[in-house]
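Note sheet for the following structure.
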Amino acid sequence: MHAYSSPRRQRGVALLLVLWACALLAVLLGGYAAVVHTEAVLARHQLAQTRAHYAAEAGLMRALRGLHDARAKQRWIGDGRPYRMSYDGAEVRIRAVDESGKVDLNSASPEVLQGLFRAAGVNPDEAQALAMRVVEWRSSSAFDGNVGGAAGYVAAGRRYRPRHGPFASVEELQMVLGVSPALYRMLAPHITLWSGQASPDPNVATSLALAAIPGMTAQRAHEILATRQRNADDPELTVGSGVTHSVRSQATLADGTQAVLRATVRWRAGSAAAQPYAVLRWQEGDEE
């Protein structure tokens, strides 16, 4: 009995081992298939993101060409209106804003800065104080205005002092004492570092920047906006064509993949530079 059952028992053990081996192999193959599938999905996603990115870049290049087209009738207008194009299966939406229509943090007069803060809803006294703090921040030496100086930052618990130099970015305005996150978000679309002007160009000024121009009345602002509206569809009648624009280009593929590029670009064709433009600011995505 023992001699007869031993080979049978051995065959049973061998069969069990084979079954376990097959199960283990199936698990391994399943895991490998899952890994391959995940990598394929990631590769497709990366490819789609790359396609969308380059489509957005194409939109940016198209904006540069359109904004400085020698054919006046074909020229794009940098007032934030949307333009559209197709590129490599992507729909690209582009907006350009002339920087000369914004308030320059490094060049604006105190009156313009005060007008900007008032246009944003700040009361007159605080608007004047904020304007002086901006001037203090960008001034090369300690400011004598009655705005608290470095002591005001210490008293407010800040670990830094005014830069006493030009603003390095528009985001730096948030560091100026009294500029809240909510106020900065309201002002961000209307400020710049690249116009070099003491006052915005009223022909292309954004809403708050237009209101910040000294002597600007509600009636005068209405007249300017009405004229701009009448001439909006004819580039030949549009007054104001600066050389520095902020461009937002958004590309969307058929599967919904999106890429957003935001850049501030200065046109310098005709100069000794080999490249006809200079990129002053570059950002991928909409996050500040």
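Index from 1, following the sequence. All figures in this text were calculated on a predicted structure; none of them were measured in a lab.
- Remark: His222 NE2 to Thr227 OG1 distance equals 9.0 Å, nearest 0.5 Å.
- Few gaps surround CZ on Arg248; more than 12 heavy atoms of other groups in view lie less than 6.0 Å from it.
- A donor-acceptor contact under 3.5 angstrom links the side chains of Thr264 and Ser246, judged on distance only.
- Without hydrogens or angle criteria, Asn106 side chain to Phe167 main chain gives a donor-acceptor distance under 3.5 Å.
- Electrostatic pairing of Glu126 and Arg133 counts as a salt bridge here, judged by a charged N lying under 4.0 Å from a carboxylate O.
- Each of Val97, Val170, Thr206, Val103 was scored for a side-chain contact (heavy atoms from CB on, under 4.5 Å) with His190, with one residue passing: Thr206.
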>> With side-chain contact (heavy atoms from CB on, under 4.5 Å) as the criterion, how do Leu116 and Leu187 come out once you've worked through the C-alpha distance, each side chain's angles and the decisive distance to 0.1 Å?
In response: CA-CA 8 Å; Leu116 177 67; Leu187 295 176; 3.8 Å; yes

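- The minimum heavy-atom distance between Glu136 and Tyr153, with the atom names listed, is OE1-CE1, 4.2 Å.
- Within a 6.0 Å radius of OH in Tyr87, no more than 12 heavy atoms belonging to other residues, nucleotides or ligands are found.
- Under the 4.5 Å side-chain criterion, counting only non-hydrogen atoms from C-beta, Pro214 is in contact with Glu111.
- A 4.5 Å side-chain heavy-atom check between Met175 and Tyr160 finds at least one atom pair inside the cut-off.
- In this structure, the separation between CD on Gln114 and CG on Asp125 is 9.0 Å, given to the nearest 0.5 Å.
- A distance of 11.0 Å separates OG1 in Thr244 from CG in Leu67, rounded to the nearest 0.5 Å.
- By the 4.5 Å heavy-atom criterion applied to side chains, Trp137 and Leu173 are not counted as neighbours.
- Residues Gly101 and Ala209 approach most closely at O-CB, 3.2 Å, considering heavy atoms.
- The structure places CD1 of Ile191 at 11.0 Å from CD of Glu172, a figure rounded to the nearest 0.5 Å.
- Between Gly178 and Leu183 the shortest heavy-atom distance is O-CD2, 4.3 Å.
- Between Leu253 and Gln258 the shortest side-chain heavy-atom distance does not fall below 4.5 Å.
- Linking ILVMFWY side-chain heavy atoms closer than 4.5 Å, directly or via other members, places Val260 and Val279 in two distinct hydrophobic clusters.
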>> Please determine whether side chain to side chain donor-acceptor pair (under 3.5 Å) holds for the pair Arg51 and Gln49, giving the CA-CA distance in whole Å, both sets of side-chain angles, and the decisive distance to 0.1 Å.
In response: CA-CA 5 Å; Arg51 287 181 57 206; Gln49 285 291 337; over 6 Å; no

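- Hydrophobic clustering (ILVMFWY, side-chain heavy atoms < 4.5 Å, transitive): Val176 and Val122 are in one cluster.
- Between the side chain of Arg228 and the backbone N or O of Pro202 there is at least one donor-acceptor pair closer than 3.5 Å.
- The closest donor-acceptor contact from the side chain of Gln74 to the backbone of Arg71 lies at 3.5 Å or more, if one exists at all.
- Annotation for Val112 and Ala198: closest pair CG2-O, 3.4 Å, computed over non-hydrogen atoms.
- With hydrogens and angles disregarded, no donor-acceptor distance shorter than 3.5 Å links the side chain of Asp98 to the backbone of His245.
- Cluster membership for Met85 and Val265, using ILVMFWY side-chain heavy atoms within less than 4.5 angstrom, is shared.
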>> Using the rule given for side chain to side chain donor-acceptor pair (under 3.5 Å), can you reason through Thr217 versus Arg220, listing the C-alpha separation, both sets of side-chain angles and the distance that settles it, and then say yes or no?
In response: CA-CA 5 Å; Thr217 63; Arg220 178 58 181 151; over 6 Å; no

Show me the donor-acceptor pairs within less than 3.5 Å that the side chains of residues 53-66 make with the rest of the protein, sequence neighbours left out.
unit_1, atom_1, unit_2, atom_2, d
His53, NE2, Glu57, OE2, 3.0

>> As a quick check of understanding, evaluate side-chain contact (heavy atoms from CB on, under 4.5 Å) for Leu210 and Met216, giving each step before the final call.
In response: CA-CA 8 Å; Leu210 183 62; Met216 183 62 62; 3.7 Å; yes

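- Using a 4.5 Å heavy-atom threshold, the side chains of Glu171 and Tyr184 count as touching.
- Glu99 and Thr192 form a side-chain donor-acceptor contact under 3.5 Å, judged by distance and modelled atom types alone.
- Across all their heavy atoms, Met132 and Pro110 have their closest contact at CE-CB, 3.4 Å.
- Considering CH2 of Trp267 and NE2 of His68, their distance stands at 6.0 Å, rounded to 0.5 Å.
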>> side-chain contact (heavy atoms from CB on, under 4.5 Å), that's the test. Do Met186 and Leu208 meet it? Break it down for me.
In response: CA-CA 9 Å; Met186 184 180 297; Leu208 292 188; 4.1 Å; yes

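- The shortest side-chain heavy-atom distance between Leu105 and Arg138 does not fall under the 4.5 Å cut-off.
- From Ser140, atom OG reaches atom CZ of Arg163 across 13.5 Å, with rounding to the nearest 0.5 Å.
- Considering only heavy atoms from C-beta on, Arg268 stays 4.5 Å or farther from Pro276 through its side chain.
- Leu130 approaches Leu177 most closely through the heavy-atom pair CD2-O, 3.5 Å.
- In this structure, the side chains of Ser100 and Gln197 come closer than 4.5 Å at one or more pairs of heavy atoms.
- Using a distance-only test at 3.5 Å, with no hydrogens or angles considered, a donor-acceptor pair links the side chain of Asp104 to the main chain of Ser195.
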